[in-house]
Amino acid sequence: MTHTYTRQKNRLIIFILSTLFIFLASVAVYMYESQKNKMLHDMEKRVEIEINLLAEFLRDNLQRHDYAEAKNFLQKWQTRLPSIEYLDIKLNGLDFYNFGSLEHAVHNRHIIEKQRELLAGETRVTLHLAHDTHNLTAMLQDLAFKLGTFSVILTVGFGTLLWMILSRWILLPLKAEIDHHTNRLRIINRSHEALSKSNFALTHAKNEEELLHRICENIHKVCGYPLVWIGYAEKNRQIDIVTSSGESTLYLDGITINYGDGPEGNGPTGICIKEHRDVIINDTQKDALFTPWKKRAREFGYYSCAAFPIAIQDHVIGALTLYAKETNAFIDEEIALLHELAANLAFGIVALRDQQKIKHLSTTDSLTNLYNRHKINETLHHQLKEAEKSDTPFGVVIIDIDFFKQVNDTHGHQVGDTTLQTFAEILRRNNRSDSDIIGRWGGEEFILILPGTSLHDSVQLARRLREVIQKHNFPVIGTKTASFGVAAYRRGDSVQSLIRRADDALYKAKNGGRNRVESEET
């Protein structure tokens, strides 16, 4: 009887332990698969973002048949994403670009294959990516090993009490470690996305103001930082906040930040500009560098801050500054990506400024800084089209400096150049509004285009200018006069016919004794 009872008791114990083992093993497998699927989903999402941005860039370049720029971008793109093991791009069915080996990528890798077919003329582009997940697999296998080992120990017979004790020592720290790595992966993914979108903005922004605003918007929206701003270093050691983005831009109202020697110049942004380095504040309430703004940061809930230099050829022109609501908010990988973003931003600023400089040189007279003849002709064509649509008048005034050759012959070309510059400045100062257009027509001749102005009003303006010029005391040469020819738009006019009538009126003024205004109807 006792032997039978003991045997039944042992069977019950074995049944309970076996059931517990199966349950724990199932939990381990479920946790393993859930974690694996979640992390792979995060990686696939990141790859999806990258593939879309890459495809958009390639489409722009391939539509312009700019294959060299496309390949140059792809090489840079690879270095920023070393985890991409295999990339295959086909153009019209033929290999256009290939990186890595598919056979090599398949070994211990999770293949994430994404395809985008873009119709650009007769061009179709297909992309395949193999993403390295070796580290992920190893981590999850290690997780499964720990959970499996723990289940075996329980099965041997330590019971529920040991399970409760050891879970605190093993499973909770393990879960915390997994949560920690998952959070780091989330931060890195969002930083990669912000970097990718910012790089896309570099190639599509039309001007510097738009570029800076889009960079701040990307960091704020993608990374979730409550305030992001960009400031430029002024010569008086002040910092001009040129743009900002976030929910709490009121933080910047009335705030004093500079890069001088006082406390307001030794904060994160000031030091970043002065010393040309990244500055990270892990706790705004404890770091002495943040003392001048400690109370204000506490009111807005900002407990971390980071500043990254924007440098052009080793000269820091400003800084990118952002705030977080947690202490120790910035991890090393994200700091590196934000530093790269600031460096790319500097490159974009240089490119846009060079474009602006080239545009300025192509439309501006280098001596007087007025519009050149090419730009004036372009403006006249535009004004004629607008006048034809709306049937509104506009006037043209051609001005010639009287006896200008004598200035060069008597005083030299340097004085002649100064006279032309002074004459241009007189025209600028007496301009009615920004709508009036002033240009150098050639030599000592200047031209005014007066939108919405009748012939009568154009003549009145020319007469006022003649009097101002006659009374002005020019450097070295003293007084000087000018002759004016005025014409106005007529329906059916071309640029040539309008200019010809203004020229004819100018010749009347010169033949009539100079220092006078003549119009086409005089």
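Everything numeric here is computed off the predicted structure, so don't read it as measured data.
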(request) Please assess N258 against T256 for the test side-chain contact (heavy atoms from CB on, under 4.5 Å), listing each intermediate value before the final yes or no. (result) CA-CA 7 Å; N258 57 58; T256 302; 4.2 Å; yes
(message) Quick one, E210 with K206, criterion salt bridge (charged side-chain N to carboxylate O under 4.0 Å, His left out). Give me CA distance, side-chain angles, the key distance, then yes/no.
(response) CA-CA 7 Å; E210 179 187 344; K206 296 177 182 178; 5.9 Å; no
(request) Would you please test E378 and R373 for side-chain contact (heavy atoms from CB on, under 4.5 Å) and show each step? (result) CA-CA 9 Å; E378 185 181 284; R373 188 167 186 140; over 6 Å; no
(message) Between W293 and Y302, is the side-chain contact (heavy atoms from CB on, under 4.5 Å) condition met? List the steps.
(response) CA-CA 10 Å; W293 312 281; Y302 299 157; over 6 Å; no
(message) One pair to check against side-chain contact (heavy atoms from CB on, under 4.5 Å): L227 and Y251. What are the steps and the verdict?
(response) CA-CA 9 Å; L227 176 61; Y251 174 86; 3.7 Å; yes
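In this structure, the ring-ring contact (aromatic ring centres under 6.0 Å, His included) partners of Y225, at least two apart in sequence or on a different chain, are F330. Looking at residues two or more places apart in sequence or on another chain, you find a side-chain contact (heavy atoms from CB on, under 4.5 Å) between L289 and I271, I281, D287.
Within a 6.0 Å radius of CD in Q313, no more than 12 heavy atoms belonging to other residues, nucleotides or ligands are found. More than 12 heavy-atom neighbours from other residues, nucleotides or ligands sit within 6.0 angstrom of CG on D253. The environment of CD in E209 is sparse: at most 12 heavy-atom neighbours from other residues, nucleotides or ligands sit within 6.0 Å. Shown here is D261, whose CG atom has no more than 12 heavy atoms of other residues, nucleotides or ligands within 6.0 Å.
In this structure the side chain of D436 reaches within 4.5 angstrom of the side chain of P451, judged on heavy atoms. Side-chain contact check for R432 versus L450: some heavy-atom pair is nearer than 4.5 Å. Side-chain contact between V316 and I310 is absent, with no heavy atoms from C-beta onward closer than 4.5 Å. The closest side-chain heavy-atom distance from I331 to I335 is not below 4.5 Å. Residues T291 and P263 have side chains not in contact (no heavy-atom distance under 4.5 Å, counting atoms from C-beta outward). I349 is listed as a side-chain neighbour of L212, based on a closest heavy-atom distance under 4.5 Å. Counting heavy atoms from C-beta on, the side chains of L345 and I230 come closer than 4.5 Å. Taking the side chain as every heavy atom from C-beta outward, L211 and I215 approach each other to under 4.5 Å.
For the pair R428 and E425, the salt-bridge criterion is met [side-chain N within less than 4.0 Å of a carboxylate O].
Taking both residues in full, the closest heavy atoms of F300 and L250 are given as CZ-C, 4.0 Å, listed atom of the first, atom of the second, then distance. Of all heavy-atom pairs spanning C216 and T243, the tightest one is SG-CG2, 3.8 Å. Scanning both residues, R353 and Y232, for their nearest heavy atoms gives NH2-CE1, 3.7 Å. Across all non-hydrogen atoms, the minimal contact from A307 to P268 is CB-O, 3.6 Å. Contact record, P309 with D278: CD-OD1, 3.2 Å, taken as the closest heavy-atom pair. Looking at every heavy atom in both residues, D365 comes nearest to T368 through OD2-OG1, 2.6 Å.
Note that the CG atom of L338 and the CD1 atom of I219 stand 6.0 Å from one another [nearest 0.5 Å]. Here CG of L337 is found 11.0 Å from CG of D332. Values are rounded to the nearest 0.5 Å. Atoms CG and CG, on N328 and N282 in that order, are 4.5 Å from each other to the nearest 0.5 Å. Note that NZ of K375 and OG of S362 are 8.0 Å apart. Values are rounded to the nearest 0.5 Å. Distance check: I437 CD1 to L370 CG gives 12.0 Å after rounding to the nearest 0.5 Å. For the atom pair CD1 (I257) and CG (L252), the distance works out to 6.5 Å, reported to the nearest 0.5 Å.
Checking side-chain atoms of S304 against main-chain N and O of E326 turns up a donor-acceptor pair under 3.5 Å. Side-chain atoms of Q238 never come within 3.5 Å of backbone atoms of A233 as a donor-acceptor pair (strictly under, hydrogens ignored). Between the side chain of R277 and the main chain of C272, no donor-acceptor pair closer than 3.5 Å is present.
Each of E217, K221, H213, H220 was compared with S245 under the side chain to side chain donor-acceptor pair (under 3.5 Å) criterion, and only E217 meets it. For the side-chain contact (heavy atoms from CB on, under 4.5 Å) with W229, the lone residue among T269, L320, L322, V242 that qualifies is T269.
A cation-pi arrangement, defined by a distance under 6.0 Å to the six-membered ring centre and an angle within 45 degrees of its axis, is absent between R440 and Y371.
The aromatic ring centres of Y303 and Y323 sit 6.0 Å or more apart.
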